[in-house]
Amino acid sequence: FADKGFQAATIREICALAEVNLASVNYHFRDKETLYFETLKHAEEQMIARFPLPAWDSDVPAEQRLYDFVLNMLSRLLNTELAPWQHRLMMREVMQPTAAVRELAERYFRPHFALLNSIVAELLPAGTNEAQRHLSAMSVIGQCVHHRVGREIITMLLPPEEISAGLDAERLAKHITAFSLRGLRAI
C-alpha cells in the first residue's frame with residue numbers, strides 16, 4: 001500500500017510478500033479495504049508513538065509552544081527514515097485520498113490542528129475571528145508541508161551552499177516560527 005497505493009496494490013501481491021495464504025486476508029480482515037484501513041491505523045499509531053504531540057507546562061509562552069509544534073511537525077515530515085513505510089503510506093493517503101482519509105483526518109490530523117489552532121489563537125490579536133485563526137494555522141502547516149512535498153524541487157532551486165548549510169528540522173522550525181510570528185503579529 002505504501003509503495004503502490006490502495007488501488008494498485010493487490011491482495012494476491014500483498015499475501016505473496018507477507019508469505020501468507022490469500023484466504024487469511026478474508027478471514028482476518030474481510031476485504032482489501034478493511035486491510036488497508038487497519039494498515040493505515042497501524043501506521044498512524046507508530047507515527048504517534050515516534051512523534052507524540054508536545055506537552056507543556058502552563059507557564060510556557062505561546063511563542064515557544066509554536067516553535068515546539070513546528071519542530072515536531074517538521075520532524076515527522078522530514079525524518080522519513082524513522083518510519084519509512086508508515087510515512088509513505090500516510091503521505092500517499094493525503095496526496096491521493098481514499099475512503100480512509102476521513103478517519104485519518106479525525107484521528108491523526110484533527111488533534112494536531114486543534115493544538116496549533118489554540119497556540120495561534122493566543123498569538124493573534126484579541127477578537128480575531130475563527131476563520132482568520134484557521135487560515136493562520138493552515139499557513140503554518142503549509143510552510144511545514146511545503147518542505148516535505150517540495151523537498152526535491154527545493155534542492156534544485158537553492159544554491160549548493162544553502163543545501164549544505166542544512167535544511168534540517170531545527171533550522172526550518174526557527175525560520176517558520178519567526179516568519180509566522182511576524183505574520184501573526186501583523187494581522
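What's counted below: heavy atoms across the whole structure, side chains too, no hydrogens, waters or symmetry copies.
- The main-chain N or O of F113 is never found under 3.5 Å from a side-chain atom of N117 such that the two would form a donor-acceptor pair.
- Here the CD1-OG distance, from I119 to S136, works out to 13.0 Å after rounding to the nearest 0.5 Å.
- Listed by first and then second residue, the side chain to side chain donor-acceptor pair (under 3.5 Å) pairs that reach into residues 140-157 are Q143-S180, sequence neighbours excluded.
- Closest approach of Y108 to I48, counting heavy atoms only: CE1-CG1, 3.6 Å.
- Put simply, F109 and V101 are part of two different groups of oily side chains (I, L, V, M, F, W, Y) that touch within less than 4.5 Å, one to the next.
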Next on the checklist: Let's go through L77 and V149 carefully: what are the C-alpha distance in whole Å and the side-chain angles of both, what is the deciding distance for side chain to side chain contact (heavy atoms under 4.5 Å, CB included) to 0.1 Å, and is it a yes or a no?
Outcome noted: CA-CA 9 Å; L77 289 167; V149 175; over 6 Å; no

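- Side-chain contact check for F37 versus H42: every heavy-atom pair is 4.5 Å or farther apart.
- Across every non-hydrogen atom of A49 and P52, the tightest pair is O-CD, 3.7 Å.
- Under a hydrophobic clustering in which Ile, Leu, Val, Met, Phe, Trp and Tyr are joined whenever their side-chain heavy atoms come within less than 4.5 Å, directly or via other members, V94 and M47 fall into the same cluster.
- Side-chain heavy atoms closer than 4.5 Å link hydrophobic residues (I, L, V, M, F, W, Y) into clusters, and following such links, even through other members, never connects I176 to L135.
- E93 places a side-chain N or O within donor-acceptor distance of the main-chain N or O of T98, the cut-off being under 3.5 Å.
- Taking 4.5 Å as the limit, some side-chain heavy atom of Q86 sits within range of a side-chain heavy atom of R50.
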Checklist entry - L74 and D168: side chain to side chain contact (heavy atoms under 4.5 Å, CB included), yes or no, with the steps? => result CA-CA 9 Å; L74 287 166; D168 60 281; over 6 Å; no

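- Rounding to the nearest 0.5 Å gives a distance of 4.5 Å between CG of L167 and CD1 of I163.
- Between L116 atom CG and L66 atom CG the span is 6.5 Å, to the nearest 0.5 Å.
- Here salt bridge (charged side-chain N to carboxylate O under 4.0 Å, His left out) pairs that include residues 20-45, with residues two or more places apart or in two chains, are E44-R107.
- Ring geometry for F69 versus H112: interplanar angle over 60°, hence perpendicular rather than tilted (30 to 60°).
- For the residue pair L40 and A100, the shortest heavy atom distance occurs at CD2-CB, 3.7 Å.
- Annotation: side chain to side chain donor-acceptor pair (under 3.5 Å) contacts involving residues 14-29, sequence neighbours excluded, are absent.
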Item to check | Residues I14, F1; criterion side chain to side chain contact (heavy atoms under 4.5 Å, CB included); working and verdict | outcome: CA-CA 8 Å; I14 292 167; F1 291 134; 3.5 Å; yes

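- Using a 4.0 Å cut-off between a side-chain N of Lys or Arg and a carboxylate O of Asp or Glu, E63 and R185 qualify as a salt bridge.
- Going from atom CE of M73 over to atom CD1 of I141 covers 5.0 Å, rounded to the nearest 0.5 Å.
- Following chains of ILVMFWY side-chain contacts shorter than 4.5 Å, one can reach Y36 starting from W85, so the two form part of one hydrophobic cluster.
- Although no hydrogens or angles enter the test, the distance criterion places a donor-acceptor pair under 3.5 Å between the side chain of R65 and the main chain of V60.
- Closest of all the heavy-atom pairs between R133 and A121 is CD-CB, 3.4 Å.
- In this structure, the separation between OG1 on T177 and CD on Q64 is 8.5 Å, given to the nearest 0.5 Å.
- At least one donor-acceptor pair under 3.5 Å links the side chain of T128 to the backbone N or O of P125.
- Under a hydrophobic clustering in which Ile, Leu, Val, Met, Phe, Trp and Tyr are joined whenever their side-chain heavy atoms come within less than 4.5 Å, directly or via other members, L115 and L71 fall into different clusters.
- Closest heavy-atom contact between P111 and E106: CD-O, 3.6 Å.
- Between the R92 side chain and the A2 main chain, a donor and an acceptor come within less than 3.5 Å of each other.
- The heavy-atom pair separating C15 from V25 by the smallest distance is SG-CG2, 3.3 Å.
- With rounding to the nearest 0.5 angstrom, the CD1 atom of I11 is 7.5 Å from the CG atom of L22.
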